[in-house]
Amino acid sequence: MREIERRTTVGRRVFMRGAATAVPAAALASAGMGITAEAAWAQAAKALQPGSMATLVRMSRDTYPHDHIPDVYYVRAVSTFDDKASSDADLKKLLEDGVARLDGDAKTHFKTSYLEVPAEADRISLLTAIAQTPFFSKIRSGLVVSLYNQPDIWKRFGYEGSSYEYGGYLNRGFNDIDWLPAV
Amino acid sequence: MANFDLNDDSLVVIVGSGAGGGTLGNELAQKGIKVVILEAGDRNEIQDFVNDEWESFAQLAWKDMRTTSGDWRVAHDFPNLPAWIVKSVGGTTTHWAGASLRFHEHEFKTRSVYGNIQGASLLDWPLTLADMEPWYDRAEKKMGVTGTNGIPRLPGNNNFRVMQAGAQKLGYKEVHTGNMAINSQPRDGRGSCQQIGFCFQGCKSGAKWSTLYTEIPKGEDTGNLEVRPNAMVVKIEHDASGKVTGVLYMDEKGATQRQKARVVAVAGNSLESPRLLLNSASSKFPDGLANSSGQVGRNYMRHTTASVYAVFEKPVHMYRGTTMAGIIRDESRNDPKRGFVGGYEMETISLGIPFLAAFLDPGAWGRSFTSALDDYSNMAGMWIIGEDMPQPGNRVTLDKTVKDKFGLPVASVHFDDHPNDVAMRQHGFQQGAAVYDAVGATRTIQTTPYPSTHNLGTNRMSEKPADGVVNRWGQTHDIRNLFVSDGSQFTTGAGCNPTLTIVALAIRQADYIAGQMGQKAI
Ligand SMILES: Cc1cc2nc3c(=O)[nH]c(=O)nc-3n(C[C@H](O)[C@H](O)[C@H](O)COP(=O)(O)OP(=O)(O)OC[C@H]3O[C@@H](n4cnc5c(N)ncnc54)[C@H](O)[C@@H]3O)c2cc1C
Ligand code: SF4
C-alpha cells in the first residue's frame, strides 16, 4: 500500500507561508536547541516574559507529548497565545499568573522552576494538580487547535490533508490495504 | 432566477435551504408555485469549499450562540456547541455524509411495538412505512442513492475493508458500502465520487447530493424560486384570525424586512425551528406559534451515538476515500433481549488529525491520549447511530438571559440520556470493539458522542393535536397555512440517518401544499 513520507523538511519558506504567528522565522530557527528563556523565539515574544514563553512551551509538550514532533511546532502553537495576549490584558495576566503558580508549585515540591524539573512524571504531577484551573483549561483547549491545526505537522502523523487537488484518492490508494485476512 | 416583491402575498415562504427547505422549495417550484427561501447563511458554492476541517467549519457551520444543559457530556465539553450543523445555502446537506436509509416498519409505530417505556414519550407516527414507500422511492431517485434504482454501490475504501473483514469474522451478514446519496457513476449532471475523503467539508466534486447544487438551481431554473441568503428570519407574523401573513427577517445589512406570504414553511433544523416558533409568540399565541399542545421544543432527539476507533499493527489510512460508505446493519433490528429497545447501525467514519484531536476524547491530555494520535495512520473508525428515546424534558427552550446579535433569545438545549440510550451505546461500544478485535486491533478507543449532527423531534408529528405540533402532512395543528418541513417533525427518530426521510416527507408535503392551495383551503 502507498505509505507516506513523514520526514517533511521544515524550511524557512514553509514558515513564511504557514506560520500563523508573528514570531520571526529567524527566531524560530533556534527551536530545537532546547526549551529555554534564552532561545531566540522566547526572546522574541511580544507580550509574555521570555521565561513564561519557555515555560508554556515546556508545558505544551508535557500536555500533548509527541516525541516525533520537534519543538518548533510547540513554539508556534504557544505563539498564538502570545499574539492574543499582546492585545488582551486579561489573557496576559491569566498566563503570567498561571506560570507563576506553576513555578511556585514546582519550587514547593521540587525546589526548582517548572522548566527545570527534570522528570516528566514530576512535571505531569504538577499539571495534574492544576488541571481544573482556568489557566490550564485555556492552554489545553487552545493548544488542541493551535498545535494540531498546523498543516505541515499532519504528514508526521500520517495524515495527508487536502486531497482534491490531487484528484482525491481514487488512484492514490483509497482501497490499497493489503494485510487483511481474506474474506 | 426569480426576484419577488416583499409585498407579494401569493408566495410560499420557506425558512432554511437544507434537506427539508431546499427540497420543498424545488418541488413546489416545479409545480409552478412561487417560492422564496430565506436562508440565514451565506451562499458558498462548490468552488468555495476547502479540504481543511477547521477552515471549512468556520466557513459553513452554525457558530451563533447556543447554550446547553443536561447530563450528556456535550454540555460539559462543548457548552456552546450542542449541535454541529450548517448555516449556509444548502444547510447541513453541505456537511452531511450521504448515508440514506429507510426506516424499518416498526420504527413508525414504536409506542405500539416497544410498549410503555418509563420516562419516554414514545408515540406512533400518524404514518406507516407503506404510506411512505412511494415517497422514499422518489427521494432515492432524486438523490441517486446507491443500492437503489439500479445504481451500483460505491467501492469500499480501506476503512470499510477493515470493518468488513471484522464483521464477517463475527458472523454479521448485512455488510456493504451502504445506501449513499453519492454518485458511484456520473448521474444527473454530476460526476462520480473521486474518493476525496472530505465529505464532511463539502464535496468538491459534487458527487454527493446537496440541495446547494441539485434542488436549488433546478428550482431557480423554473423562474419560480428565489433564494435569499443572509436572511435570518426572526418572527412569523399572523392576522387577527390567527392565519400567518409573512415573516420578519434581518437582511445582510442588519435591516429588518417584512416578507409577506400565503404559506410559511419552517425548515431551520430542529434547534432553530422551535426557537423561531417560540420567538414568534404574540398576544394571541402567548406560548409561541403552533404551541397549543405545549409540545414545541420538546422530545428533542439526537440519536444514541458513539464511535469506536481501533489501532492496528499496520497502516489503514482511514481518511482516504468516502467518509461513511460502509455499514453493518445486523444490529438495527428491534431485539429487546439485548437489554434495550430499538436498534443501531454501525457505519464507517473518519476524522482528520485536527478534528480527531478535538473529538477523540474531549478534554483529554497526556500520553494515553497522544499515543492514539501517534498511531493515526494505523487507525480505523466507526460510528454507532441508534434510536434514542424521546423524553418530554429533553427540549429546546429560549435562553432566559443569552441573546443573539439581533437581541433575540438563543436556543437552549437540554438533554439527558435515557437508560435505554445508555444501554444501547454500551452494546454498540462492545460490538464495535469486537469487530476490530476480530481482525487484530491492538487498541480500541471508545469515543463519546460528538456535538449533535442529527437533530430531531422538536415539532413532532401526531395524530391528535394534544400530542404534537404538526399533522401527518407537517401542517401545524393550530394554523392551517403554517408548516414544518424539516427533521423537527419526526415523531420518533428511528435507528438510522434521518435525511432520506426528511427529503421524502418534503416531497410528499409539496404535493399536499399544492393540492391545498389549488383547493383554496390555504
Ligand atoms: C457532519 C455531518 C454528517 C452528516 N451525515 C449524514 C448522513 O450521512 N446521513 C444523513 O441522513 N444525515 C446526515 N447528517 C444530518 C443531515 O445533514 C441533517 O439531518 C439534515 O441536513 C437536516 O435537514 P434540515 O432541513 O432539518 O436542516 P438543515 O439541512 O440543517 O438546514 C437548515 C437551514 O436553515 C437555516 N436556518 C435556520 N434558522 C433560520 C432562520 N431563522 N432564518 C433563515 N434560515 C435559517 C440554517 O442556516 C440552515 O441552512 C449529517 C450532518 C452532519 C453535520
Ligand atoms: S469522497 Fe466522494 S463524496 Fe466524499 S467528498 Fe469526495 S468525491 Fe465527494
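Here is the naming used below: chain letters follow the sequence lines, and residue numbers restart at 1 for every chain. Just the heavy atoms: all of them, side chains too, but no hydrogens, waters or symmetry mates, feed the values below.
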ask   = Can you tell which of B:P354, B:A364, B:P362, B:G156 has the highest number of heavy-atom pairs within less than 4.5 Å of chain A?
value = B:P354

message = Counting only heavy atoms from other residues, nucleotides and ligands, does the tally under 6.0 Å from CD of A:E165 exceed 12?
response = yes

message = With chain A as the partner, which of B:F369, B:Y319, B:F160 has the greatest number of non-hydrogen pairs under 4.5 Å?
response = B:Y319

ask   = Between B:N183 and B:L154, what is the shortest heavy-atom contact and its length?
value = O-CD2, 3.9 Å

task = Pick one of side chain, backbone, both or neither for A:S137, based on which atoms fall under 4.5 Å of a heavy atom in chain B.
result = neither

message = Can you tell me which portion of B:V50 sits under 4.5 Å from chain A's heavy atoms? Options are side chain, backbone, both or neither.
response = neither

message = If we define contacts as heavy-atom pairs under 4.5 Å, which of B:G366, B:G352, B:P315, B:S377 has the most with chain A?
response = B:P315

ask   = Would you call A:D97 and A:R101 a salt bridge, using N to O less than 4.0 angstrom?
value = no

query = Quick one: what part of A:T63 sits under 4.5 Å from any heavy atom of chain B, side chain, backbone, both or neither?
reply = both

query = Quick one: what part of B:D52 sits under 4.5 Å from any heavy atom of chain A, side chain, backbone, both or neither?
reply = side chain

ask   = So what's closer than 4.5 Å to chain B heavy atoms on A:L147: side chain, backbone, both or neither?
value = neither

note = Highest number of heavy-atom pairs under 4.5 Å with chain A among B:T322, B:I353, B:N157 belongs to B:I353

ask   = Counting distance only, does the side-chain N/O of B:K208 pair as donor-acceptor with the main-chain N or O of B:T94 below 3.5 Å?
value = yes

remark   = Cut-off 4.5 Å, heavy atoms of chain B, and the answer for A:D176 is both

B:P155, part contacting chain A, at a heavy-atom distance under 4.5 Å = both

Audit row: A:D62, A:R123, salt bridge (Lys or Arg N to Asp or Glu O under 4.0 Å) steps and yes/no = CA-CA 8 Å; A:D62 292 337; A:R123 295 194 305 274; 2.7 Å; yes

ask   = B:R153 side chain to B:T177 main-chain N or O, any donor-acceptor pair under 3.5 Å?
value = no

key: Heavy-atom pair count under 4.5 Å with chain B, highest-scoring of A:P65, A:S163, A:G158, A:G173   = A:P65

ask   = What residue, out of A:E3, A:R172, A:H66, A:H68, has the most heavy-atom pairs lying under 4.5 Å from chain B?
value = A:H66

message = Between A:Y74 and A:W41 (judged by ring centroids, cut-off 6.0 Å), do the two rings come close enough to count as a pair?
response = no

ask   = Relative to B:F49, does B:K204 satisfy both conditions: NZ or CZ under 6.0 angstrom from the six-membered ring centre, and within 45 degrees of the ring's axis?
value = no

ask   = Does a side-chain N-to-carboxylate-O contact under 4.0 Å join A:E160 and A:R2?
value = yes

